[in-house]
Amino acid sequence: MIPRLTKYVLFAAYQLSVAMGIALLPVALAARRMGVTLPIRRLVETTGTAYERAAAR
């Protein structure tokens with residue numbers, strides 16, 4: 001039960017991070033022009049990796 005719940009929570013977190021990355025794209029582009037990078041890509045990759053590891057179990 002717990003591994004299944006963990007997998008569902010990680011999937012939801014991954015989907016949320018992807019949606020947040022899409023929604024913040026204009027902000028990220030504006031920040032990049034000012035020389036600041038947002039760690040959105042790292043967030044999406046980290047949650048994706050965690051979900052893939054949980055799904056493989």
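Owing to the predicted nature of the structure, the values given are computational and were not obtained by experimental measurement.
Residues satisfying the side chain to side chain contact (heavy atoms under 4.5 Å, CB included) test with L24, not counting sequence neighbours, are M20, V27, I40. For R53, there are no salt bridge (charged side-chain N to carboxylate O under 4.0 Å, His left out) partners two or more places apart in sequence or in a different chain. Under the side-chain hydrogen bond (donor to acceptor under 3.5 Å, both in side chains) criterion, E52 pairs with no residue at all, not counting sequence neighbours.
Looking only at distances, a side-chain donor or acceptor of T47 sits under 3.5 Å from a matching main-chain atom of V44.
Every pair passing salt bridge (Lys or Arg N to Asp or Glu O under 4.0 Å) that includes a residue from residues 19-43 is listed here, sequence neighbours excluded: R41-E45.
In the hydrophobic clustering, where aliphatic and aromatic side chains (Ile, Leu, Val, Met, Phe, Trp, Tyr) are joined below 4.5 Å either directly or transitively, Y51 groups with L10, F11. In the hydrophobic clustering (ILVMFWY side chains linked at under 4.5 Å, chained through shared members), L29 is joined by L25.
If you take OG1 on T46 and OH on Y14, they are separated by 11.5 Å, rounding to the nearest 0.5 Å.
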